[in-house]
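Below is one structure, written out as structure tokens; the observations come after it.
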2 protein chains.
Amino acid sequence: MSEDREVTIYDIARYLNVSAATVSRGLKNNPMISKNTRKKITEAAKTLGYQSNTFASSLRSRHTHTLGVLVPRLNSHFMSSVLAGMENAANRHGYNLIIAQSLEDVEKEKRNAATMFNKRVDGLLISLSYNTTDIHHLEPFFKRKIPVVFFDRIYPHEESTSVGINNYEAAYNITRHLAEQGCKRIMHLGGNLLRNVYQERLNGYRQALRDHHLPVSKKLYLTSTLSEQAGTEAARYILDLPPGERPDAVFSANDTAAVYCMLALKAAGLRIPDDIAFAGFNNDPISRVIEPNLTTMDYSGDSIGNTAATYLINHLKGISNLYTTDAITLRAEMVIRASSLKKKLRE
Amino acid sequence: MSEDREVTIYDIARYLNVSAATVSRGLKNNPMISKNTRKKITEAAKTLGYQSNTFASSLRSRHTHTLGVLVPRLNSHFMSSVLAGMENAANRHGYNLIIAQSLEDVEKEKRNAATMFNKRVDGLLISLSYNTTDIHHLEPFFKRKIPVVFFDRIYPHEESTSVGINNYEAAYNITRHLAEQGCKRIMHLGGNLLRNVYQERLNGYRQALRDHHLPVSKKLYLTSTLSEQAGTEAARYILDLPPGERPDAVFSANDTAAVYCMLALKAAGLRIPDDIAFAGFNNDPISRVIEPNLTTMDYSGDSIGNTAATYLINHLKGISNLYTTDAITLRAEMVIRASSLKKKLRE
DNA sequence: ACTTTTTGCGCAATCGGTTGCGTAAATATC
DNA sequence: GATATTTACGCAACCGATTGCGCAAAAAGT
């Protein structure tokens, strides 16, 4: 009952007068063992209260059924959805997640990558920190052929796959939407260009402006961390602009900055969308609470997480091959809400 | 360089002409080994590209430096803050987190608890699912003296500690605040009473009503999952009430339900707070975006996570003893915002 | 009845560190 | 200079499961 020793396969073996090898095989339902013996083993395991020791197993079999997940921050709506999706997929396939956050710091990212490696995760799911410039720290994984899947904030690498959305197209479409609403001076709140997602959104935004013969001005482009504070500061920036140079629309690379910018502008008396239209990115819960509701890009963190994890697991199981796939692009959908619908087009 | 074998302590041992035991001790900075040898070992480890194998180590040393975290859902603002806090504390102390979600399902919670046990986590941090009625599934942990810390949704157990806030008091205070604003018919949107947090909030709410000689009516109490939809439905319920029986204030056990209830009521033409005041719980980001801003209970998920993890780790390190502490109660602070400030008291 | 194939299981090495105990050399003690 | 103590390290037995190989018994084939 409450012994202090662990119950091992040897105990089961002794109990049933078979060898530990047989028990080991029996527990894994190896067809090499007769159905009868297998049943006896499973029963004995239950009555003895056997609990398999995962690392004894891992040590020998050289896989851990564990995936490493390395993210910039855990506490954003998007990221927690991603994690939820990953956990779901992993759990469904009998994998576990060991999760760490870099807090946007390369050094911590490196340390975390090292621990993950030492823990011998079967695969790595990673979204890069703000200021990661190279991925030398992932070399150990590549060397040992431990599959790496990038998601959201990706880094092109020939031995790994990335999962995300078409940020260029999404940004292009959302900017075009603003243009079609009659906006002439469309501003962009962007993030760190080291990260593909922000670079691509900027590119899409710019191209859409050019295609609609709208000004691509440095005054209409701000780069920041896209935090609440950054949103508020962007509002300040806009209000300080000479009236003639003020944007009549803002496309923010995330919802947080958009919403806090809106709040500040509203407080200053600007009307949204009539004085200034708004569009965000992420479809964060706050985008459905702010008034007017925020037009945004909806792409499910859940499916990104799910897809990335499932894909990684399929590779591990040999069902698919990660090395032949460069990128998986998920659908992103524009959700048009009141914040970008100019009156003249409404009626 | 790119060999396929792993670099082990034996390789280092051979390289330096010492024994593997010495290498093992040297790598852990065991003072039994001379400083000189230790330095040589660390250097050799670096040049050979040695990476420790965590489970070989865990197998023998019987601890994994890994904490299991079992939560209902990953993707809520509160929970992701908790996780961020835990990850921080764990990382700081050299521990890792393996995280799983029960999706509010006891069965999944049981399965997850079992895997965590099999992975031999050094400790368990758990917040119970919606419909967990007992904690038999945690017995293996108690039996093997693996420390368990409950957080937020706790379960009294003499061999484990819980970390949370004083829900009774918080609910009492927030209800009193509404009463002091002159609200006479205060409604409560509550959660499943199986979970202490909701039971205690209900108790606090009721006691405050009694103390202020306000009606404690079943009509003014709704229990739900506190989801967005539940919030909207609560609004429907309120609107369907005969005008004389309508509440003039709502205290919701979370912000999500409060906000979606507010949105629906506003859409129906009610004015907040004049027709109906509102208070929530959690200080979720949406509470600062909804108009009017929502009065709520602020308690930091981050500190709950941090405290719970730190406490567990200190126990593991022998710094403190978990078995002597029953509960750790963190501070919760009422944040009064416009949603609960009645005009007459404003001026 | 005799060979061939299949089935069911055991032997023993192995995965990569950890650690109690033993011991030789170096240093201290008197 | 002999004994006591300390320092620094090696030996070898683990930790608990996995797995290639071998072998006997049972089943199938002729």
Side-chain angles (χ1 to χ4, degrees), chain A residues 3-42 44-45 48-66 94 115 117-122 140 144, chain B residues 3-42 44-45 48-66 115 117-120 122 140 144:
Chain A
E3 324 162 19
D4 215 40
R5 301 270 304 103
E6 277 194 43
V7 181
T8 73
I9 54 168
Y10 297 101
D11 299 320
I12 302 183
R14 208 172 315 121
Y15 182 79
L16 291 179
N17 270 316
V18 296
S19 76
T22 304
V23 175
S24 171
R25 294 191 174 103
L27 287 172
K28 315 197 83 187
N29 261 311
N30 188 322
M32 191 195 277
I33 306 299
S34 76
K35 273 210 193 301
N36 193 346
T37 318
R38 265 188 274 169
K39 183 153 40 141
K40 275 199 247 166
I41 290 175
T42 344
L48 294 183
Y50 169 78
Q51 301 263 15
S52 85
N53 185 322
T54 317
F55 28 84
S57 153
S58 297
L59 177 58
R60 183 62 224 260
S61 63
R62 321 190 75 67
H63 43 52
T64 54
H65 279 259
T66 299
T115 4
F117 185 87
N118 286 350
K119 294 242 167 181
R120 299 294 190 275
V121 295
D122 286 349
R144 293 206 63 78
Chain B
E3 324 162 19
D4 216 38
R5 302 270 304 102
E6 278 193 44
V7 181
T8 72
I9 54 168
Y10 296 100
D11 299 321
I12 302 183
R14 208 173 313 121
Y15 181 79
L16 291 179
N17 270 316
V18 294
S19 77
T22 303
V23 176
S24 171
R25 294 190 173 104
L27 287 172
K28 314 198 84 186
N29 260 310
N30 187 323
M32 192 196 276
I33 306 299
S34 77
K35 274 211 189 303
N36 193 344
T37 318
R38 265 186 274 168
K39 183 153 41 142
K40 273 198 247 168
I41 290 175
T42 345
L48 293 183
Y50 169 78
Q51 302 263 16
S52 84
N53 184 323
T54 315
F55 29 85
S57 152
S58 296
L59 177 58
R60 184 64 224 260
S61 64
R62 322 189 74 65
H63 44 51
T64 54
H65 280 257
T66 299
T115 4
F117 184 87
N118 286 350
K119 294 243 167 180
R120 299 293 190 276
D122 286 348
R144 294 205 63 78

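Proteins get letters first, then strands, A, B, ... in listed order; numbering begins at 1 in each. The basis for the numbers below is simple: all heavy atoms, side chains too, and nothing from hydrogens, waters or symmetry mates.
- Here B:Tyr50 reaches the OP1 or OP2 of C:dG17: one of its side-chain N or O atoms lies under 4.0 Å away.
- The backbone N or O of B:Arg38 sits less than 3.5 Å from a side-chain atom of B:Thr42, completing a donor-acceptor pair.
- Between the CG atom of B:Asn30 and the P atom of D:dC9 there is a distance of 11 Å, given to the nearest Å.
- One interatomic measurement links the two molecules: CG of B:Asn118 to P of D:dC15, which rounds to 19 Å at whole-angstrom precision.
- Rounding to whole angstrom units, CG of residue B:Asp11 and P of C:dG16 are separated by 9 Å.
- Relative to the axis of its first five pairs, the axis of the last five pairs of the helix from C:dA1-D:dT30 to C:dC30-D:dG1 sits at 30°, rounded to 10 degrees.
- Distance B:Asn53 CG to C:dG16 C1': 6 Å, rounded to the nearest Å.
- As rounded to whole Å, 5 Å separates atom P of D:dG16 from atom CD of A:Glu6.
- A donor-acceptor contact under 3.5 Å is not formed by the side chain of B:Tyr10 with the base of C:dG16.
- Considering only side-chain N and O atoms, A:Arg62 lies under 4.0 angstrom from the phosphate OP1 or OP2 of C:dG16.
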Produce the list of close N/O pairs, under 3.5 Å, pairing protein atoms with atoms of nucleotides 4-11 of chain C; give distances to one decimal.
residue, atom, partner, partner atom, Å
C:dC9, OP1, A:Thr37, OG1, 2.5
C:dC9, OP2, A:Ser34, N, 2.8
C:dC9, OP2, A:Ser34, OG, 3.4
C:dC9, OP2, A:Thr37, OG1, 3.2
C:dG10, OP1, A:Ser19, N, 3.2
C:dG10, OP2, A:Ser19, N, 2.8
C:dG10, OP2, A:Ser19, OG, 2.8
C:dG10, OP2, A:Thr22, OG1, 2.0
C:dG10, O6, A:Arg25, NH1, 3.2
C:dG10, O6, A:Arg25, NH2, 3.4

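- The interatomic distance linking A:Leu59 (CG) with D:dT18 (C1') rounds to 10 Å, in whole Å.
- Evaluation of atom-type donor-acceptor distances gives a pair under 3.5 Å for the side chain of B:Arg60 against the base of D:dC14.
- Of the side-chain N and O atoms in B:Ser24, one or more sit less than 4.0 angstrom from OP1 or OP2 of C:dT18.
- The nearest whole Å value for the distance from the CG atom in B:Asn29 to the P atom in C:dG17 is 17 Å.
- Summarising the geometry, atom CD1 belonging to A:Ile9 is positioned 9.5 Å from atom CD1 belonging to A:Ile41; distances are rounded to the nearest 0.5 Å.
- A:Phe55 comes within contact range of no nucleotide atom at all, as no heavy-atom separation falls under 4.0 Å.
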